[in-house]
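Everything below concerns the one structure shown next.
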Amino acid sequence: MFQSIRNNFGAGTIQFKDVRESNYIVLNATFTYRTDSPEYQAADVLEITVPDLNIDRSTIAGVVMRFIDRQTSYSYLIVSDGGTILKSWIKDKNTICIEKLTDFDDQEEMIIYIQTIYLQLNQGGNAKKGIKKSLSPKQPETYLYWGSSNFCVVYPKWVFIHIDFSSSKYAYRDSDWRCTFEGLPVDVKGDIPIISATCNYTPKAGGVNLSHVEDGVWTMAQADRNFGFENTGNYVFGMAYLIRDNEVEPDAPGRLHFEEAKMAAQSSSMYFGTVDFELMPNPAVMALSGKTYWSSGKYGIFYPANVPEGVPSFKTFVQARAVRGSQMCIQLCSMTLNTALAKKTLRFDVLAGGTLLSMELYETTCLMALE
């Protein structure tokens, strides 16, 4: 977790939850701002200054903007909460940007929901795969009906949720709704904006209403649903990247793990990207995946930045698949990690006579400790 340092649109201090990986960051935050504030009116782009992030530029991602509009007619509450999706991006390691859209500046207060994954710009993908699970609704009495795209993708520290609502029984349209979703981790807790095609009293906006997930249960209060929410053709859905409220345990006791998205190298003509180490000290076994490339030479030296404390210096041998040039299809290499130096080094040596070390590695191997 961290707090913003400042912003240029009068929103005050913003609290963030975060998950940081080698080439992306997941952020969760909710905050409000007033459209009549001098700071907001002077801004061209909404900018939030934050402590150092792990990425310095990102692709464009979406955040939800919402306003609350409620009126009473003949003692009946008419909800017309609306909004839209705004573009957002990380400009540099200290600045999160959100586009300024003035179409709804007649609304005094706006709410922003950042439930977003920001991907490092111009960098390869993360090799880790999430687990896709269907969200199977369970209710004592079935009164909510869902589309075919209710699912979540589960990672150890966060989940992506997609909710595809269809309709409800007419008798329950004025009730609070509750549904248990089998497949949703119980350590996910947060509000999910639910978006619909229409917002009756603000035709230029879509409907944006609030739902909540906690302990595997999805809820939505009747007072938070737009007039006409259940109408045919409203195309109601919700989606969010939510950070799990858990402490991730290692896969095995004593396991050490580190990743490198792109290591600094001794020569500008080589790189080692997307490397993923898993070490088990007892027995001394390592799983390694990654890709190397350089123009010529029988060895390469790299400088990993994310080696955690406790990883020993070691040497091992790996088999790799050549991906460039007229080299042997399978190459044998030695790999030496020296963590005793002030600047940790990772060295590869070609042992099969090749002179072009461009290869993919997917290897599990035993380690020899270096004194």
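Quick caveat, the model's predicted, so the values are computed rather than measured. Note that these values count all heavy atoms, side chains included, but never hydrogens, waters or copies made by symmetry. Sequence positions, counted from 1, serve as the residue numbers for this chain.
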Is there a path of hydrophobic side-chain contacts, each under 4.5 Å between heavy atoms, that joins L86 and I14? yes
Heavy atoms of other groups near K189 NZ, more than 12 under 6.0 Å: no
Can you label the angle between the H162 ring and the F160 ring as parallel, tilted or perpendicular, going by 30° and 60°? tilted
Between D245 and K17, does any NZ, NE, NH1 or NH2 come within less than 4.0 Å of an OD or OE carboxylate oxygen? yes
Let me confirm one number: the CG-CG distance from L351 to L332, rounded to the nearest 0.5 Å. 5.0 Å
Please check if the number of heavy atoms outside K100 that lie under 6.0 Å from its NZ is greater than 12. yes
Is the backbone N or O of Y303 less than 3.5 Å from a side-chain atom of K343, with the two atoms forming a donor-acceptor pair by type? no
Please answer whether the main-chain N or O of N150 pairs with a side-chain N or O of D164 as donor and acceptor at a distance below 3.5 Å. no
Determine, for E182 against K133, whether the closest basic-nitrogen to carboxylate-oxygen distance falls under 4.0 angstrom. no
Please check if the number of heavy atoms outside D44 that lie under 6.0 Å from its CG is greater than 12. no
Yes or no on side chain to side chain donor-acceptor pair (under 3.5 Å) for S313 and T339, after CA distance, side-chain angles and deciding distance? CA-CA 5 Å; S313 298; T339 60; 3.2 Å; yes
Table please: side-chain donor-acceptor pairs of residues 59-70 below 3.5 Å, with sequence neighbours left out.
residue, atom, partner, partner atom, Å
R66, NE, V208, O, 3.2
R66, NH1, Y113, OH, 2.8
R66, NH2, D81, OD2, 3.3
R70, NE, D81, OD1, 3.4
R70, NE, D81, OD2, 3.3
R70, NH1, A223, O, 3.2
R70, NH2, D81, OD2, 2.7
R70, NH2, D224, OD1, 3.0

With rounding to the nearest 0.5 angstrom, report the OG to CZ distance, S211 to R225. 11.0 Å
Could you state the interatomic distance from CG (D349) to OG1 (T336), rounded to the nearest 0.5 Å? 6.5 Å
Donor-acceptor pair, distance only, cut-off 3.5 Å: does the side chain of D18 make one with the backbone of F2? no
Find the distance between CG (N28) and CZ (F16) and round it off to the nearest 0.5 Å. 10.0 Å
What about I55 and W89, same hydrophobic cluster or not, with Ile/Leu/Val/Met/Phe/Trp/Tyr joined at side-chain heavy-atom distances under 4.5 Å? no
Would you indicate whether R178, at its atom CZ, is surrounded by more than 12 heavy atoms from other residues, nucleotides or ligands within a distance under 6.0 Å? no
Given 3.5 Å as the limit, does a donor-acceptor pair link the side chain of N8 with the main chain of A43, or not? no
Keeping S37 on the side-chain end and R34 on the backbone end, is there a donor-acceptor pair under 3.5 Å? yes
Sidechain-backbone polar pair: T35 side chain, D105 backbone, donor-acceptor under 3.5 Å: yes
Y24 OH to I117 CD1 distance, which is reported to the nearest 0.5 Å: 5.5 Å
Hydrophobic cluster of L121, others only, ordered by chain and residue number, side-chain cut-off 4.5 Å: none
Would you find more than 12 non-hydrogen atoms of other residues, nucleotides or ligands less than 6.0 Å from R173 atom CZ? yes
Joint cluster assignment, L119 & M239, ILVMFWY side-chain distance < 4.5 Å: yes
Can you tell me how far apart CG (N7) and CG (L46) are? Round to the nearest 0.5 Å. 8.5 Å
Any side-chain to backbone donor/acceptor pair from T365 onto F317? Under 3.5 Å, distance only. yes
How about E109: does its CD atom have over 12 heavy atoms from other parts shown lying under 6.0 Å from it? yes
Tracing side-chain contacts under 4.5 Å among Ile, Leu, Val, Met, Phe, Trp and Tyr outward from F181 reaches L135, Y143, L144, W146, V154, V159, I161, I163, F165, Y172, W177, L184, V188, I192, I194, V213, W218, M220, F229, V236, L242
Greater than 12 external heavy atoms within 6.0 Å of Y235's OH: no
For E47 and K91, run salt bridge (charged side-chain N to carboxylate O under 4.0 Å, His left out): C-alpha distance rounded to whole Å, both residues' side-chain angles, the deciding distance at 0.1 Å, then the answer. CA-CA 9 Å; E47 295 191 349; K91 183 174 73 171; 3.1 Å; yes
Between Q120 (side chain) and D56 (backbone), is there a donor-acceptor pair under 3.5 Å? yes
Are Q115 and D191 close enough that a side-chain donor and a side-chain acceptor fall under 3.5 Å? no
Closer than 3.5 angstrom, by distance alone: can the side chain of R244 be matched with the main-chain N or O of Y155 as a donor-acceptor pair? yes
Please tell me whether F104 and Y40 are part of a single hydrophobic cluster in this structure, the criterion being side-chain heavy atoms less than 4.5 Å apart. yes
Just by distance, with hydrogens left out, do N94 and T49 show a side-chain donor and acceptor under 3.5 Å apart? no
Heavy-atom donor-acceptor pair, E99 side chain to K87 backbone, under 3.5 Å: yes
